[in-house]
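To start, the structure itself, in structure tokens.
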Amino acid sequence: MIVKKMILLILKALGIILGIVVLYVAAGYALPFIEVSAKEDGQKKEIPVYIYTNGVHTDIVMPVKTDIQDWSTKIPFTNTKSKKTDYQYVGIGWGDKGFYLDTPTWADLKFSTAFKAAFWLSESAMHCTYYRTIKEGSDCKQIMISKNQYKKLVKFVDDKFDRDPNGNFILIPTNAVYSDNDAFYDAKGKYSFLNTCNTWANDALKAADQKAALWTPSDYGIFLHYK
């Protein structure tokens, strides 16, 4: 009798887990099709920003220097391996610290890393990548926005960085960078299956009054609105 109850409990638990997975997949597919429309402010669209995906993760790419923000003062060029100062754009993405630092390729993914990331159990990080040029393509779309919209975007991105007692972004000392033009910084918030790197990038577009998905865990849900 006890064994039968245990089996029923296990089956019920498995059924609940399967139901959650099915619901998540369905929501992840359907909700991105619901578009949050852009809001016009009547100002000239003069600042180019980009959404860029590596096939999994979406970054927001912005000019390094404008009269609104000079990212190089907060994300120093000297924190990259190249230490070069002629970069014109910076791509910024938010995500799980374990994924960023311990999983350079999918082959390196550990169950413990994925489990912690999915269930709010690990810290987050900002990945910042400098570029000399940006080229549009299937993986990169340009969006022209006004100065007021850019101010909103800058604030959204800036607010996600964690800071030291002096108010500076906190560099993560690591050799796990992807190239000679990037660096990692501590971030606020917890990554989860409900709040992914792409969810954050989608929210950044909303903050800047741009087209976005109602909610999306994937890069597809973002680029769907920028074909």
Side-chain angles (χ1 to χ4, degrees), residues 32 35-39 41 45-75 77 79-80 87-97 99-100 124-162 169 177-179 181-189 191 195-227:
E35 181 175 295
V36 175
S37 300
K39 297 177 183 178
D41 60 6
K45 310 295 186 185
E46 54 186 304
I47 298 179
V49 299
Y50 299 82
I51 47 173
Y52 170 74
T53 179
N54 63 3
V56 176
H57 172 95
T58 305
D59 281 352
I60 303 295
V61 182
M62 298 165 284
V64 172
K65 297 180 182 180
T66 65
D67 56 358
I68 294 170
Q69 175 78 302
D70 181 352
W71 288 107
S72 67
T73 63
K74 297 188 173 186
I75 307 167
F77 295 124
N79 285 345
T80 67
Y87 297 115
Q88 301 300 310
Y89 299 92
V90 60
I92 300 178
W94 174 87
D96 179 75
K97 196 171 184 178
F99 263 117
Y100 273 143
S124 59
M126 305 298 281
H127 182 220
C128 304
T129 308
Y130 278 116
Y131 302 97
R132 288 190 179 86
T133 60
I134 291 291
K135 184 178 180 181
E136 281 197 278
S138 60
D139 61 348
C140 185
K141 300 295 182 181
Q142 184 189 74
I143 308 167
M144 296 300 296
I145 66 176
S146 70
K147 286 188 174 182
N148 276 349
Q149 291 169 338
Y150 187 58
K151 286 177 183 177
K152 293 178 181 180
L153 178 62
V154 166
K155 183 179 187 308
F156 180 88
V157 175
D158 189 270
D159 285 349
K160 201 64 174 180
F161 283 85
D162 206 355
F169 294 170
V177 291
Y178 300 162
S179 188
N181 59 332
D182 65 323
F184 291 99
Y185 296 81
D186 281 330
K188 300 173 184 175
Y191 186 101
N195 187 33
T196 70
C197 52
N198 296 300
T199 306
W200 177 82
N202 188 64
D203 288 343
L205 293 172
K206 291 180 185 178
D209 295 330
Q210 302 305 301
K211 290 187 299 182
L214 179 64
W215 174 79
T216 181
S218 69
D219 59 343
Y220 171 78
I222 296 174
F223 281 78
L224 176 67
H225 304 284
Y226 290 91
K227 288 184 177 180

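The shown structure was predicted, so the numbers you read here are calculated from the model rather than taken from an experiment. Residues take their numbers from the sequence shown, with the count starting at 1.
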Self-check item: Working for ring-ring contact (aromatic ring centres under 6.0 Å, His included), residues Y178 and H127
Solution: CA-CA 10 Å; Y178 300 162; H127 182 220; 4.7 Å; yes
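- Nearest heavy atoms, I222 versus T58: CD1-OG1, 3.8 Å.
- By the 4.5 Å heavy-atom criterion applied to side chains, N202 and W215 are not counted as neighbours.
- The NZ atom of K39 sits 13.5 Å away from the CG atom of N148 when rounded to the nearest 0.5 Å.
- I51 contributes atom CD1, which lies 9.0 Å from atom NZ of K211 (distance to the nearest 0.5 angstrom).
- At a threshold of 4.5 Å between non-hydrogen side-chain atoms, the residues W200 and I60 count as touching.
- Listed here is the closest heavy atom pair of Y130 and S72: OH-CA, 3.5 Å.
- Proximity of V90 to V61: side-chain heavy atoms (C-beta onward) are nowhere separated by under 4.5 Å.
- L205 has its side chain within reach of Y226: a pair of non-hydrogen atoms, C-beta onward, lies under 4.5 Å apart.
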Quiz prompt | Verdict with supporting geometry, I92 and W71, side-chain contact (heavy atoms from CB on, under 4.5 Å) | solution = CA-CA 10 Å; I92 300 178; W71 288 107; 4.1 Å; yes
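- Rounding to the nearest 0.5 Å places NZ of K141 at 10.0 Å from NZ of K227.
- Side-chain contact check for K74 versus F161: every heavy-atom pair is 4.5 Å or farther apart.
- With hydrogens and angles disregarded, no donor-acceptor distance shorter than 3.5 Å links the side chain of T216 to the backbone of P32.
- The shortest heavy-atom contact between A212 and K206 is CB-CG, 3.7 Å.
- Between the OG1 atom in T73 and the NZ atom in K65 there is a gap of 9.0 Å [rounded to 0.5 Å].
- Taking the six-membered ring where tryptophan is involved, the planes of Y52 and Y131 are perpendicular, since the angle between them exceeds 60° and thus also 30°.
- At least one test fails for K97 against the ring of F184: distance under 6.0 Å to the centre or angle within 45° of the axis.
- Taking each heavy atom of K45 and S146 in turn, the nearest pair found is CD-N, 3.9 Å.
- Between the NZ atom in K155 and the NZ atom in K152 there is a gap of 11.5 Å [rounded to 0.5 Å].
- Contact check for Y150 versus M62: side-chain heavy atoms found under the 4.5 Å cut-off.
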Practice problem: Please lay out, stage by stage, how W94 and N195 fare under the test side-chain contact (heavy atoms from CB on, under 4.5 Å). | Solution: CA-CA 10 Å; W94 174 87; N195 187 33; 3.5 Å; yes
Practice problem: Determine, step by step, whether I47 and I68 satisfy the side-chain contact (heavy atoms from CB on, under 4.5 Å) criterion, reporting the C-alpha distance in whole Å, the side-chain angles of both residues, the deciding distance to 0.1 Å, and the verdict. | Solution: CA-CA 10 Å; I47 298 179; I68 294 170; 3.9 Å; yes
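- Judged by distance alone, with hydrogens and angles left aside, the side-chain atoms of N198 form a donor-acceptor pair with the main-chain N or O of V56 at under 3.5 Å.
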Quiz item: How far apart are the C-alpha atoms of Q210 and H225, what are their side-chain angles, what is the distance that settles it, and do they pass the side-chain contact (heavy atoms from CB on, under 4.5 Å) test?
Solution: CA-CA 10 Å; Q210 302 305 301; H225 304 284; over 6 Å; no
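- Taking every heavy atom of both residues into account, P217 and T196 meet most closely at O-OG1, 3.0 Å.
- With contacts defined as side-chain heavy-atom distances shorter than 4.5 Å, the pair K147/D67 qualifies.
- By the 4.5 Å heavy-atom criterion applied to side chains, Y100 and M126 are not counted as neighbours.
- The OG1 atom of T129 lies 15.5 Å from the OH atom of Y89; values are rounded to the nearest 0.5 Å.
- Residues passing the side-chain contact (heavy atoms from CB on, under 4.5 Å) test with S179, sequence neighbours excluded: N181, D182.
- When all heavy atoms of C197 and Y191 are compared, the pair lying nearest together is N-CE1, 3.2 Å.
- Using cut-offs of 30° and 60° on the angle between ring planes, the pair F77 and Y87 is tilted.
- For K188, the NZ atom is densely surrounded, since the number of other residues' heavy atoms within 6.0 Å is greater than 12.
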